[in-house]
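This is a predicted model, so every value here is computed, not measured. Labels below follow one simple rule: chain letters A, B, ... track the order of the sequence lines, proteins then strands, and each chain is numbered from 1.
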Amino acid sequence: MNLITLLKQTTSASLDSLYQVKIQPELVLVNATKPEFEGDYTIVLFAFVKQLGKNPEVVGNELGNAMQKALPTIITEFNIVKGFLNFTISNDYWFEFIKNLSPNELMPAVEHKRKIMVEYSSPNTNKPLHLGHLRNNFLGWSIAEILKLQGHEVVKTCIVNDRGIHICKSMIAWQLFANGATPESTSKKGDHFVGDYYVKYNDAYKAEVAELVAGGMMQEMAEKEAPILKGAQEMLLKWEQGDAATLDLWKKMNSWVYEGFEVTYKKIGSDFFKTYYESNTYLLGKELVEEGLTKKVFYQKEDSSVWIDLTPDGLDEKIVRRKDGTSVYMTQDIGLAQLKQKEFNTDASIYVVGDEQNYHFKVLKLICQKLEQPAADGIYHLSYGMVELPTGKMKSREGTVVDADDLVDEMINISKEKTEALGKVSDFTNEQLIALYNTIGLGALKFFLLRVDPKKKMIFNPEESIDFHGFTGPFIQYTHARIKSILRKTGTTVTLTTNELLPLEKQLAIELSTFPAMVNEAAENLDPSKIAIYAFNLAKLFNTFYAEHSISNAESEIKKQLRIQLGILTAATLQKAMGALGIAVPEQM
RNA sequence: GGUUCGGUAGCUCAGCUGGAUAGAGCGUCAUCCUUCUAAGAUGAGGGCCAUUGGUUCGAAUCCAAUCCGAAUCACCA
């Protein structure tokens with residue numbers, strides 16, 4: 001059992017036997033003792049003192065004695081400072097912990113294994129991926145890895161937004177301006193090629209609007225009447241009617257984009273068990289509307305449009321079917337949720353989608369619950385903040401985006417330069433070098449995007465390159481490589497003999513012991529940053545330890561064996577933690 | 001206007017189920033490679049935790065109000 005849990009339970013039991021007071025173990029506050037005080041763990045007494053009507057000193061003494069009696073092999077001493085009861089945990093406990101922990105079994109499996117779907121990425125097929133998509137992809141991947149680490153089964157899916165007016169905009173611009181050019185003929189990556197026409201559309205649209213306004217038209221009217229917009233709208237209509245020529249163009253341009261996406265996904269390490277296409281799903285949900293009407297969850301207005309009234313839930317009225325009988329975004333999503341449920345029978349479904357859709361997902365879950373969809377309660381929205389530039393939001397149509405491919409390439413280049421400057425891998429083959437540059441460059445980028453709370457928006461300054469020192473991916477990768485380098489020299493077979501632990505050795509043991517709790521916390525909050533912070537703290541602690549104590553030249557053979565084991569466990573934990581972020585750690589760098 | 005989220009060091013961020021003197025990283029300054037990888041370590045400096053009031057033995061953390069910023073409240077997706 002986890003030591004903190006044990007302390008909580010013992011406290012609860014001791015209070016009961018001492019004073020016949022029932023306090024839930026979860027309510028006992030156990031903290032790591034501040035370094036300036038003696039001890040390892042601290043119980044805050046104020047909470048019960050009041051209830052007991054005794055002074056903290058007395059309660060502390062009685063509780064301390066009782067606890068020590070209950071856990072004689074674990075608690076060696078205790079002291080009381082003001083209302084804080086500090087326990088010192090025995091060397092033996094930590095030594096046994098280090099001895100029994102296996103690098104292959106760092107994370108105990110969950111009791112109730114669940115099947116969880118993670119939907120992420122959701123790209124549009126009219127433009128290449130940008131920095132915001134990277135945050136989405138890395139979050140989705142990481143959450144999937146974290147859940148797997150807990151022992152759950154994960155199904156990764158992607159919904160591609162491959163239809164709609166924005167796609168038609170790229171299409172019409174291509175028709176008008178491309179003269180039959182293709183990605184091949186211009187040797188451009190397909191997604192970038194199509195994205196260029198999306199920008200061209202917007203430029204042309206703006207010019208047309210300006211021209212109309214110059215001709216005396218009101219701005220608002222001009223924005224609706226611009227010929228290129230009319231053309232795009234017409235195209236969408238044709239697409240919906242199944243016009244062969246339009247569909248051909250659509251398929252051709254989408255295939256270019258997919259080729260481009262595939263390259264990017266491969267480079268950043270993203271994959272999906274199943275990809276859904278909106279062109280196939282946008283008509284879903286129709287039966288559900290009927291069902292909702294029958295169940296009186298929905299109601300029909302005079303114009304025959306269908307709505308749900310969510311005002312009792314503190315939300316607004318929401319349309320679910322237009323008066324012309326077509327589905328809206330919400331209807332599709334309800335339909336898709338049902339489809340996914342039928343296909344995979346998952347216990348929960350996590351949507352990695354930007355925070356601009358918080359309202360949408362709130363409504364989605366609510367409607368699914370009201371329709372009594374089987375997995376409705378398992379819908380979670382991993383809402384993440386936008387990535388913004390110092391100048392404000394990124395806008396694809398204005399070309400003010402940090403392109404994913406460019407950024408990834410730049411990161412890999414920087415890692416190449418830095419690695420070469422340090423000259424520590426002269427024995428690597430060319431292939432190994434390329435792999436290493438990728439590992440470090442992507443590690444820096446992924447860590448950068450995952451180390452902050454997902455729900456907060458973040459600002460990325462393209463002028464300042466992403467760091468390789470301090471609270472970064474490469475710092476942790478480096479620590480791992482450093483340990484591995486030592487272990488290559490010392491070997492990894494150890495025989496552990498009972499040992500006194502120095503403060504830093506004990507601290508490492510304590511830090512290692514909290515890994516499973518950190519993973520669980522990250523999973524519970526859908527927040528990989530918890531693991532990023534943990535990995536950083538562990539690496540930092542190891543580096544302090546490393547600077548203070550020698551492993552291969554330890555004071556004694558017994559110490560050496562112990563420290564090799566600590567090295568093995570730290571390296572393995574760093575690897576697991578970084579793996580949960582989707583970041584590889586090199587053996588040498 | 002309603003709802004939701006945010007405001008902590010020069011910058012980027014932790015800490016928020018109330019607990020001991022508010023922490024990291026970057027940047028600045030100063031030390032440490034004849035000894036296991038210096039992408040490292042050690043130290044210094046840097047704070048009215050947006051403001052005001054309340055609850056409490058105790059508030060960055062909870063409550064209320066105010067100020068500032070963002071998202072959303074589409075028969076777009």
Categorize [X] for me: base, sugar-phosphate, or nothing, with a 4.0 angstrom heavy-atom threshold over every strand shown.
X: A:Tyr478; answer: base
X: A:Arg451; answer: sugar-phosphate
X: A:Glu587; answer: base
X: A:Asn358; answer: nothing
X: A:Phe536; answer: sugar-phosphate
X: A:Met386; answer: nothing
X: A:Lys318; answer: nothing

Legend entry - Distance-only donor-acceptor test (3.5 Å): side chain A:Thr42, base B:A20: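 Side chain to base: pair found, below 3.5 Å.
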Legend entry - Stems formed with participation of RNA chain B [Watson-Crick or G-U wobble, under 3.5 Å, three or more pairs]: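 Stems (3+ consecutive pairs) listed as B:1-7 with B:67-73, B:10-13 with B:23-26, B:28-32 with B:40-44, B:50-54 with B:62-66.
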Inset, instruction - Salt-bridge test for A:Lys456 and A:Asp453: reply yes if a basic N is under 4.0 Å from a carboxylate O, no otherwise. - result: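 Looking at A:Lys456 and A:Asp453, the cut-off is not met.
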Inset, instruction - Report the glycosidic orientation of B:C33: syn if within 90° of 0, anti in every other case. - result: syn
Is the ring centre of [X] under 5.5 Å from the base ring centre of [N], and are the two planes under 30° apart, so that they stack?
X: A:Phe46; N: B:G19; result: yes
X: A:Phe84; N: B:A20; result: yes
X: A:Phe471; N: B:C26; result: no

Distance check, [atom1] atoms only: [N] and [M], in whole angstrom units.
N: B:G15; M: B:G6; atom1: C1'; result: 16 Å
N: B:A9; M: B:A60; atom1: C1'; result: 14 Å
N: B:A30; M: B:G69; atom1: P; result: 41 Å

